[in-house]
Amino acid sequence: MDEAISQPQQVPLRTEQDWSARLFPNNEWILLIVIAVECLLFAFSGNNFATTGNAFEVTRLSVEIGLLALIMTPIIITGGIDLSVGSMMGLSAVVMGGLWRDAGLSMPVAIAITLVVGLLGGALNAAMITKLKAPPLIVTLGTFSLFRGIAEGLTRGIENYSGFSPSYLFFGQGYVGGVVPTQLFFFVPAILLFWWWLHRTTFGRSYYAIGFSQEGSRYAGIKVRRRLNFMYCMSGLLSSLAAVIYVAHLGQAKSDAGTGYELTAIAAVVLGGASIFGGRGTILGTILGLLAIVILQNGLRISGQPTELAGILTGVLLVTTILIDRLSRIGVSRITVSEEEFEVKNWQVGVLSGVILVAAFIVAASNWMLVRSIKEQGGSAPAAQSQNAATSTGKKNVIAMMPKAKGDPYFISCRKGAEEAAKELGAELLWDGPTDLDPAKQNEIVQAWITRGVDAIAVSVENKEGISTVLRKAREKGIKVITWDADSEKDARDFLINQATPQGIGETLTDEAARIMGSKGEFAIVTASLSAANQNEWIKFIKHRLAEKYPDMKLVAIQPSDGDRDKAFAETQNILKVYPNVKLVMGIAAPAVPGVAEAVKQSGRTDVKVTGLSLPNMCKPYVKEGIIDSFVLWNTGDLGYLTVYAANALSNGSFKPGETKIKAGRLNEIEVVGDEVRLGKPFIFNKGNIDNFDF
Amino acid sequence: MATIGKTYRREISAAAALVALLVIVAVAAPSFFAPGNLRDLIINNLPTLLIAIGMTLVILVGQIDISVGSQFAVCSVAAGVLAKTGLPMPLVFVAVMLIGGLMGALNGTLIGWMKLPSIIVTLAMLVMWRDALRWTTEGAWVQGLPENFQWFGLGQNTGEILIFAISLLLFVVFGWSLRNLIVGRTVYAVGSDAEAARLAGINSSNVVFWVFVVMGALVGVSALLNAIRFSAIPGNSGVGLELKAIAAVVVGGVAITGGRGTLIGTVIGVALLGTIGTALTFLGINPFWEKAIQGGIILAALASDVALGRLEKNGRSDLAATTSPA
């Protein structure tokens with residue numbers, strides 16, 4: 001509300017504003033400084049950060065969120081918000097995939113219909129907001145669930161549309177003239193168009209009026225409802241367009257497209273100086289805000305810093321910019337009240353010192369962490385070098401290794417082995433990945449590694465089609481590529497470290513279940529999320545095996561846990577009551593199994609057993625109590641260990657295609673078949689052997 | 001009677017939806033009402049209810065807090081780490097409440113005192129707390145908790161009763177204070193019109209600050225009561241909890257613009273949204289549609305709210321209807 005009062009006071013004071021106020025009405029110059037500082041820092045700390053190639057890659061990665069941020073700008077200027085844009089991307093992606101593959105429509109027709117769907121989704125938001133006068137925050141919170149829910153319902157979470165034609169994929173993956181990413185030819189005109197619309201037409205300017213006062217704008221003859229309707233419809237349309245580009249970029253259409261994009265888009269707009277209360281914001285600011293966020297993420301990756309820092313720093317940046325903005329505005333609006341001026345200043349000084357204190361604390365803490373990590377590295381390096389004095393030729397191999405999700409306990413245990421191997425070999429290990437399952441982030445990280453320049457890349461692949469393009473690119477640049485845990489397309493990598501095939505896992509799980517149940521009766525599965533690719537693959541083989549070998553066993557339910565222990569717990573409670581004849585519950589995600597076991601334990605049902613796929617440390621107490629009969633896994637630490645050894649040997653040239661064995665430190669010799677390095681069969685953990693494992 | 005119907009019409013419409021859902025389940029899957037199931041359902045939803053109580057306060061003063069899910073994760077891990085140092089459980093309880101309260105105080109300072117928009121501040125906190133936690137724990141679970149951690153060492157039955165009792169106590173205290181104490185009424189006053197409240201001698205900034213502190217403390221309680229149901233603590237819990245709580249509060253008839261709503265509505269909202277997932281399983285409907293149905297319910301609640309509002313207004317006078325709220 002303060003803004004609404006302060007702005008009109010300002011205008012009559014100065015009829016001709018100076019150039020800086022006209023160019024940067026909302027202190028956007030702060031962002032320019034931030035971006036400059038970021039660029040300087042990363043140019044020194046990262047390899048190849050300041051190159052044209054990297055500059056273009058950064059812009060390619062920001063196109064989808066950028067489109068959302070562009071339309072979010074007028075929405076926030078009117079004092080509204082749209083949380084449903086990310087979910088609309090998911091819905092559009094599966095609608096387009098379905099129309100193209102299942103309905104057999106040609107790509108342009110499918111895209112056109114998808115855009116119409118986006119428009120209709122936007123229209124639903126618009127109708128609720130302008131006709132029913134419901135608050136945008138809640139309306140779009142509702143459609144946030146609704147759109148994503150429809151996308152999941154339509155595809156049953158499983159469907160993954162891929163195999164699009166190269167001419168369509170060119171829109172998301174290609175280069176025009178060899179350097180400029182194709183989607184920039186959509187994005188740059190879109191920016192210009194939005195700038196012109198919002199800042200140079202009466203139509204666009206009216207959104208500022210609406211943001212100051214809806215009622216006032218109505219009396220001034222602005223058709224408020226129509227303007228808002230148009231804007232929210234556009235929001236749906238642009239989300240669809242973003243989805244079309246996203247699918248072309250990744251080569252797959254799945255219901256999880258665009259998860260969480262709404263928050264990044266909003267952050268970019270607010271960082272760019274738009275006021276969430278309405279009436280303020282510029283396209284220039286939004287673009288600068290977007291760049292500040294994307295450059296930070298890209299730079300941290302290229303200089304090998306933990307990506308969690310990006311989230312923390314973005315948060316600090318967000319709070320600091322609105323705080324500075326707030327303080328500078330208080331100064332302006334109270335300038336006429338000379339009595340209060342002094343008091344205000346005192347207060348400002350107090351707050352500023354507070355902020356500086358907090359900032360100093362954060363900087364100090366992060367420095368301390370940094371020093372500590374460097375010390376650790378420094379401490380370990382000499383020892384490792386002495387061990388490998390004979391083998392290392394002085395050059396330290398940089399091995400970049402990516403899990404599907406960093407926070408997953410399964411991958412955390414893989415990391416331990418990988419670090420052990422890197423230490424032994426005196427190689428530098430870069431461990432980075434998406435925080436949660438996110439195929440788009442995987443591509444982004446591989447891209448950053450290519451730019452940075454590493455010797456070998458090892459990826460646990462979430463999305464086969466999408467990542468293969470970037471991996472091929474890495475190979476063209478002479479980087480050795482290995483896939484581990486889950487494979488990409490065969491021509492996109494040199495070797496696969498194969499711990500177990502989906503078929504092997506599915507069959508072992510089914511055989512274990514059959515053994516426990518005596519090959520007959522009902523059982524249920526608690527999976528990860530409904531769209532998890534690995535788990536769906538395993539379920540396919542489980543069903544296959546059942547039909548083939550165990551006709552008396554019946555799979556009665558497959559419930560999602562979203563990788564959340566607590567949800568697995570609640571779902572198992574339901575299963576036990578709805579299907580009282582279930583004799584066994586199988587959890588096929590690491591965090592799900594302890595949840596399943598706890599639910600069975602608390603139900604007091606001693607006749608129900610638990611099995612599945614999980615980590616020894618998580619399951620140990622339940623195995624000892626006899627609730628979990630047995631579970632399946634391989635030695636995850638060995639998997640990480642072997643991957644780093646193979647990657648290192650490959651980049652040294654000591655391991656080449658065609659060999660039948662590879663030497664891997666404490667694992668001795670490991671069998672190689674064709675282009676697969678085989679770790680061995682899945683291992684069955686039970687009461688007898690679980691105490692021998694600690695991971 | 002008519003006045004009760006008018007005052008609580010939003011709560012009544014949400015309750016009607018809940019009853020309708022329960023009737024459908026009763027006909028199609030009567031086993032849903034087995035005492036064991038109801039007990040599990042209640043215990044599973046109590047942590048969400050505690051968060052929703054805090055969220056009701058926050059929304060009543062016209063703010064919003066989307067950082068509660070991340071705060072929940074921080075508090076859960078903190079509870080485990082503290083318990084492992086050998087601190088007695090009552091002290092762990094107090095400490096976790098304090099940690100939650102401190103995180104709330106940070107929100108409160110920025111929103112109440114600095115007058116920054118709550119959605120942006122808590123959006124920043126959502127990202128910051130989650131990433132800071134990931135950075136420090138690297139996703140690892142807190143395992144090997146002491147014997148007296150699960151159920152406070154009292155066994156499952158007593159533990160569950162205790163969780164229920166603590167939640168009920170907090171609900172009654174908050175519900176009663178909101179209605180009957182000056183402190184509670186100031187929350188409504190500030191949410192209805194902060195400027196009018198200020199002129200009436202209420203320190204709005206103070207009220208907003210303390211509401212966020214209370215929200216944080218409730219997150220702490222919720223995280224602890226959730227954690228003691230298990231024997232290990234995941235490093236990454238509470239994802240999406242904020243949306244669940246906000247949806248429940250709104251479905252329960254609390255106005256997002258502030259100043260209107262009751263905790264009874266919130267309980268009904270939590271019950272409605274918390275029952276759907278379980279009810280779908282009992283009805284044998286595919287879990288794929290759960291999210292879509294939840295979204296549909298939020299939109300339906302909004303639409304019915306507006307429709308009811310129109311009816312009431314038209315009944316009163318035509319003049320009032322023309323000056324529609326922006």
Side-chain angles (χ1 to χ4, degrees), chain A residues 81 128 132-135 137-139 141-150 152-153 156-157 214-215 263 266-267 270 276-277 306 308-309 311-312 314-316 318-319 322-323 326 351 406-409 412 435 530 559-560 564-566 570 573-575 577-578 591 594 598 602 617-618 621, chain B residues 29 31 34 36-37 40 44 64 110 114-117 119-121 123-125 127-128 130-132 134-135 138-141 143 156 226 230-232 234-237 239 243 246-247 250 256-257 277-278 281-282 286-296 298-299 302-303 306 324-326:
Chain A
I81 201 154
M128 297 284 294
L132 298 183
K133 298 209 186 307
L137 182 72
I138 297 307
V139 170
L141 180 67
T143 48
F144 164 87
S145 295
L146 184 70
F147 294 157
R148 183 78 64 196
I150 295 177
E152 283 180 0
R156 329 207 114 220
Q214 286 207 6
E215 204 55 27
L263 292 185
I266 293 169
V270 174
I276 205 86
F277 299 125
E308 285 84 358
L309 267 178
I312 298 172
T314 310
V316 173
L318 205 55
V319 173
I322 48 173
L323 201 58
R326 175 92 211 154
V351 171
K406 264 171 107 178
D408 188 329
I412 293 163
T435 38
L530 291 170
Q559 295 294 124
D564 184 35
R565 196 260 329 253
D566 299 4
Q573 286 185 328
N574 293 340
I575 289 172
K577 281 167 222 140
V578 180
E598 187 67 40
Q602 290 187 16
N617 279 353
M618 282 181 175
Chain B
S31 62
N37 186 45
D40 289 346
N44 284 344
I64 199 148
L110 291 168
M114 307 288 160
K115 307 262 177 248
L116 298 183
I119 186 158
I120 301 305
V121 170
L123 167 66
M125 295 300 163
V127 183
M128 278 166 69
R130 180 74 65 190
D131 272 350
R134 276 181 180 139
W135 197 20
E138 297 185 327
W141 289 28
Q143 283 166 334
Q156 188 177 342
N226 184 55
F230 303 94
S231 55
N236 205 14
S237 50
V239 176
L243 295 182
I246 294 171
V250 170
I256 198 78
T257 42
T278 307
T281 317
F282 273 83
N286 251 319
F288 310 114
W289 292 100
E290 187 179 335
K291 244 181 229 164
I293 292 173
Q294 274 181 357
I298 297 174
L299 293 184
L302 267 181
V306 172
S324 54

Practice task
Using a strict cut-off of less than 4.0 Å between a Lys/Arg side-chain nitrogen and an Asp/Glu carboxylate oxygen, indicate whether A:R565 and A:E598 qualify as a salt bridge.
Solution key: no

In terms of heavy-atom proximity below 4.5 Å to chain A, should [X] be classed as side chain, backbone, both, or neither?
X      : answer
B:I64  : side chain
B:I119 : side chain
B:N44  : side chain
B:L299 : both

Just so I understand: if I count every heavy-atom pair under 4.5 Å between each of [options] and chain B, which residue has the most?
options                : result
A:V319, A:D566, A:V139 : A:D566
A:T314, A:I575, A:L141 : A:L141
A:P409, A:P621, A:A134 : A:P409
A:I81, A:L263, A:D564  : A:L263

Region of [X] that comes under 4.5 Å of a non-hydrogen atom in chain B:
X      : result
A:V270 : side chain
A:I276 : side chain
A:Q573 : side chain
A:I138 : both
A:F147 : neither
A:N617 : both

Looking at [options], which one has more heavy-atom pairs under 4.5 Å with chain A than the rest?
options                        : answer
B:A303, B:S231, B:S237, B:G235 : B:S231
B:V239, B:T257, B:L123, B:L110 : B:L123
B:I256, B:I293, B:V127, B:N226 : B:I256
B:N236, B:V250, B:I246         : B:V250

Rounded to the nearest 0.5 Å, how far apart are [atom1] of [X] and [atom2] of [Y]?
X      : Y      : atom1 : atom2 : value
A:L309 : B:W135 : CG    : CH2   : 4.0 Å
A:I322 : B:K115 : CD1   : NZ    : 14.0 Å
B:T281 : B:E290 : OG1   : CD    : 7.0 Å
A:K577 : B:D40  : NZ    : CG    : 3.5 Å

Problem - Residue pair B:L302 / A:M128, side-chain heavy-atom distance below 4.5 Å - result: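 B:L302 vs A:M128: side chains touch.
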
Which atom pair, heavy atoms only, marks the closest approach of [X] to [Y]?
X      : Y      : value
B:A292 : A:I150 : CB-N, 3.7 Å
B:Q143 : A:M618 : NE2-CA, 3.2 Å
B:A124 : A:G315 : CB-O, 3.6 Å
A:G311 : B:D131 : CA-OD2, 3.0 Å

Exercise for the section: State whether the side chain of B:Q156 and the backbone N or O of A:Q602 hold a donor-acceptor pair below 3.5 Å, judged by distance alone. Expected result: yes

